Structure formats: structure tokens, C-alpha cells
Asker: 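Let me begin by handing over the structure; questions about it come next.
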Amino acid sequence: MIRVQEEDFDTGAEIAALTADNTAIGGVATFTGLVRDMAPVDGSDRPISAMTLEHYPGMTEKKLAEIEAEANRRWPLDASLIIHRYGRLEPGDRIVLVACASAHRQAAFDACEFLMDWLKTDAPFWKLEDTDAGGVWVETRKTDATAAARWNEPAGGE
Amino acid sequence: MIRVQEEDFDTGAEIAALTADNTAIGGVATFTGLVRDMAPVDGSDRPISAMTLEHYPGMTEKKLAEIEAEANRRWPLDASLIIHRYGRLEPGDRIVLVACASAHRQAAFDACEFLMDWLKTDAPFWKLEDTDAGGVWVETRKTDATAAARWNEPAGGE
Amino acid sequence: MKIFYFAWMRQRIGLATEDIARPDGVATVDELIDWLIARGDGYAQAFVKRDAIRAAVNQDYVPFDHPVADGDEIAFFPPVTGG
Amino acid sequence: MKIFYFAWMRQRIGLATEDIARPDGVATVDELIDWLIARGDGYAQAFVKRDAIRAAVNQDYVPFDHPVADGDEIAFFPPVTGG
């Protein structure tokens, strides 16, 4: 299931709903992304007071659904969930939740990492941070591309 | 923080408490383990109606605190939490929650996997499953030992 | 063609979206970019780091040699930073 | 010495815990196991897969050549299955 929304979400309720009525599930791996109070700007960390998340309505939902389907092809998941917020957020606010349920612990973890890595490099979202130097568009981090690339390795390389 | 308890826990509230008042945290990786409705007994899956978790009071808390400290030494975590239940549980019930918060996504994931792997192989808990063939003590799985062993590799091998 | 611009490309161009008829001689994303740059400074500024820009046609990522046609939904945006 | 048994070892021995004075000639975990097995069938059954058993002294895992002393808290248990 995927959801793109402006409003906050209740992590516990979302996880509970994901596993309700399926007692074959052995575990749920999740990642919750939060707005940090500091951001690197031109090489040094600056405090940020807020963040505005822009996205591409339509394409966002399409790509999220595609990548969720891909995760379900790659790993034996019983359930999966991606929630990504947009709009204005403040430090400490939840941005994103990825949850993967499986009978197999490692499958749940791997799928969760795969989805987070992919969200960082291919989901059409852009972050504008309000810093004391003004609004700054967040730049892509090379480490995110590296993290995402590991999932392109030949089968058995994982 | 570690807790060993008979009562259930509220995953969302636990994660929120872990990250409250620290807006330097970029994300939280979690794993929630649930009681499955089937268990392998002598090579074939059998339905289970309940599970009783026995543990070694005193040593459990000691070992959990040690391994949590080790995770904090290995990764730059802002906060971490292990909750492990004992007593009688039914399929779908929560058994364990591990949560790791960090400014760095991969650190949060790795620490969470490390703690789960360790709980499987070194935390003094034993599961007795009620199956239609009677009470069956769960046997160690070789895959758990393999999973735990990967954290013993020389630095840089991860 | 309906064209969308996002993030700092949107700010530099001063538009989030616009409808244009496919210009003569524009058959690919690359040729569309050339045509847009020629329209003025805002566009030139938006496409200045051309290699870093990503293009989508009908909500799928495409390489710049991908064809464009009337009726397409085309989007240009900087590297994404979600998650 | 206070000795604890867990899971199916506890069931086979029929005791969760017992206090014993360190027997003569018992200086290590291994020697304690030999002494316990000699006490009777329940113990022999509990320690039958001796290589699979884990031992803890004062709540730390120890190898079987670890010394035991009066006042120690000693535990024997099967491979753990938590998490």
C-alpha cells in the first residue's frame, strides 16, 4: 500500500493495521524518516527552522506503486507500506514511513532498506529547507546513489 | 534503554518517546517480532495455538544492556530501545521491539539488524510452542547463527 | 504537450506548468530542451546543469533521446531529494 | 553454589533451581556437569547433548573449563531461541 499525503501518520496504528488478521507474519521492519534540525549548506551545518517538500502528483504515486511491487517481487513479503508526506514540516516531524512484513526477518529488513534507498534516489520529491541563510534546496548526496546502486548487483551479490 | 516485561507495548508510543526532544535524529529503524501461527516441527509446519517464553531474570537484563551498549559503540546512534516480552503469547502477539535512531539511515538499519541477530543467538530466552502435537521447545535455527556471525567479521568487512 | 517544472527549475523559469504545441523540429527531449533554452534567460538558467536534470515523459523517467509528441506529459526536474 | 536450569533441562531435572555446596573435586563447569550427571537419570537426560548446552557463571556465558566456586550463580540451558 502506498500513500502520499500532507497530514501526519500514526506509526503504531499503521504497523498494527499492516499485520492485522495475518498471523503468518513473523516480523515487521520499519523506517521512519524525521526532519532534522540541522542541514549541511555549502559544507557546514546550519540550523533549519522548517522544510517544504514538493512533489510531482501523479508520478509520485505511480513510481511508489511500481517500487513497492518490485520489492514484493524480490522478497517474500506478506505486506508492505510506504507513506510519504509533502508540504511544510518542522524539525522532528515525520516525513516518511516504510514498513515491510514477512515471515522472514532478513527479507523484511532488506526490502525496507531497498525501498528507503530507492525513495532517496528516484521518488520525485524535493526538499526546500528554511535556513538562516534563506531557503536552500537540498542537494543529492553521493552516498544515497551508492546505497541505491547496491540493489542493482547481479543476483546472489546481496 | 532495555525492558523485559510480560505486558504488551505500544510500538508507536515507544518510537515517539525514543525520538522526543531530539530533533537531530534523522530516522528510526525498528523491528517488531510477532508470534507466528505456524511452526516447523520435525521438518513440517504445524499450527501453534500459543507460545510461552521463558527467560533468565537477571542475566537477560544484563546481556540486553551489554549488547545495547555494544551497538552504541559500533554505530553513531542517538537513541536505542530493546523491549522483549516473556510469558504466554498468542499468534499475532508482539514478542520483541528493537528501535535504533540515528542521523544516519544505514547506521540505524545496521544496528537494528545487529541487535535482532544477537537476540536470536545470545539472549537467554526459550520458546515453548503449543502445537497439536503438544508442547514443543523451539530449536535453534542454523540461519540465526549464520546471521549473527556476520557481525564478527573484521572491521570493513560489513 | 503539457510541461511541468519542479523545485529550483520551477523557480528559475517562473512557471510550474505550461501547455505548448510541439514546435517544428522538436522530436526528442533533447531538442525540446534546446528549444526551451532559446526562449529566454529563465529557461537557460533552469537548464544550465543539463547533465544533472532528469526528464520524465508520461510520468516515467526517460533518457534525453526519448521522443516527445503532442499529448505527452513532460516533466523536468533537478535530482530528487525525498525519503 | 546456586544452580539454575532452564527450558527442557529444567523439565528433565524437575527443578528450576537448587543450592549445593561445591562438591569435593569439582573445580570447573565440566567437573560440575560430571558430578550432576552422576546424581541420576533426570540430570543425565538433561545433559545428554552436552556439546549443545550453554553454561553461565554469575550471568555471563563461560566455556566449560571455567572455574566454579562457592557463592557462584551457575546456570545451564539449551541453545536460546528468543527474539
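In what follows, chains are A, B, ... by sequence order, proteins preceding strands, each numbered from 1. Quick caveat: nothing in here was measured; it's all calculated off a predicted structure. Note that these values count all heavy atoms, side chains included, but never hydrogens, waters or copies made by symmetry.
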Asker: Using a 6.0 Å cut-off, check whether atom CD of Glu139(B) has over 12 heavy atoms from anything other than its own residue.
Answerer: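 No, because the 6.0 Å sphere around CD of Glu139(B) holds 12 heavy atoms or fewer from other groups.
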Asker: Measuring centre to centre across the rings, with the benzene-like ring taken for any Trp, is Phe109(A) within less than 6.0 Å of Phe109(B)?
Answerer: no
Asker: What's the separation between atom CG in Asp37(B) and atom CG in Asn22(A), rounded to the nearest 0.5 Å?
Answerer: 7.5 Å
Asker: Contact part of Glu14(A) toward chain B, heavy-atom cut-off under 4.5 Å: side chain, backbone, both or neither?
Answerer: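 Neither part.
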Asker: Could you tell me whether the side chain of Leu34(B) reaches within less than 4.5 Å of the side chain of Val28(A), counting heavy atoms only?
Answerer: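 The answer is yes; the side chains approach within 4.5 Å.
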Asker: Heavy-atom pairs under 4.5 Å with chain B - which of Ala103(A), Ala108(A), Ala147(A) has more of them than the others?
Answerer: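 Of Ala103(A), Ala108(A), Ala147(A), Ala103(A) has the most heavy-atom pairs under 4.5 Å with chain B.
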Asker: Could you look at Thr32(B) and say if it's the side chain, the backbone, both or neither that has a heavy atom under 4.5 Å from chain A?
Answerer: both
Asker: If I measure from the heavy atoms of chain B, does Val96(A) come under 4.5 Å with its side chain, its backbone, both, or neither?
Answerer: neither
Asker: Rounded to the nearest 0.5 Å, how far does CD of Gln106(A) lie from OG1 of Thr146(B)?
Answerer: 11.5 Å
Asker: Atom OG1 of Thr30(B) and atom CG of Leu97(A): how far apart are they, to the nearest 0.5 Å?
Answerer: 8.5 Å
Asker: Report, as yes or no, whether the 6.0 Å neighbourhood of atom CG on Asp21(B) holds more than 12 heavy atoms from other residues, nucleotides or ligands.
Answerer: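 No - once you tally the heavy atoms of other residues, nucleotides and ligands closer than 6.0 Å, there are 12 at most.
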Asker: What's the spacing between Cys100(B) SG and Phe31(A) CZ if we round to 0.5 Å?
Answerer: 11.0 Å
Asker: Got Glu113(B) and Arg105(A) here, is their nearest side-chain heavy-atom distance under 4.5 Å?
Answerer: no
Asker: When you compare the side chain of Thr11(B) with that of Thr11(A), does any pair of heavy atoms fall below 4.5 Å?
Answerer: no
Asker: Quick check for you: among Thr143(B), Ile95(B), Asp93(B), Ile25(B), which has the greatest number of heavy-atom pairs under 4.5 Å with chain A?
Answerer: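 Highest number of pairs under 4.5 Å: Ile25(B).
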Asker: Which residue out of Ala101(A), Ala13(A), Cys112(A), Ala16(A) racks up the most heavy-atom pairs below 4.5 Å with chain B?
Answerer: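 Among Ala101(A), Ala13(A), Cys112(A), Ala16(A), the one with the most close pairs to chain B is Cys112(A).
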Asker: Keeping Arg36(B) on the side-chain end and Ala24(A) on the backbone end, is there a donor-acceptor pair under 3.5 Å?
Answerer: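 Pair found, side chain donor or acceptor close to backbone of Ala24(A).
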Asker: Tell me, out of Arg94(B), Lys120(B), Met38(B), who's got the most heavy-atom pairs with chain A below 4.5 Å.
Answerer: Lys120(B)
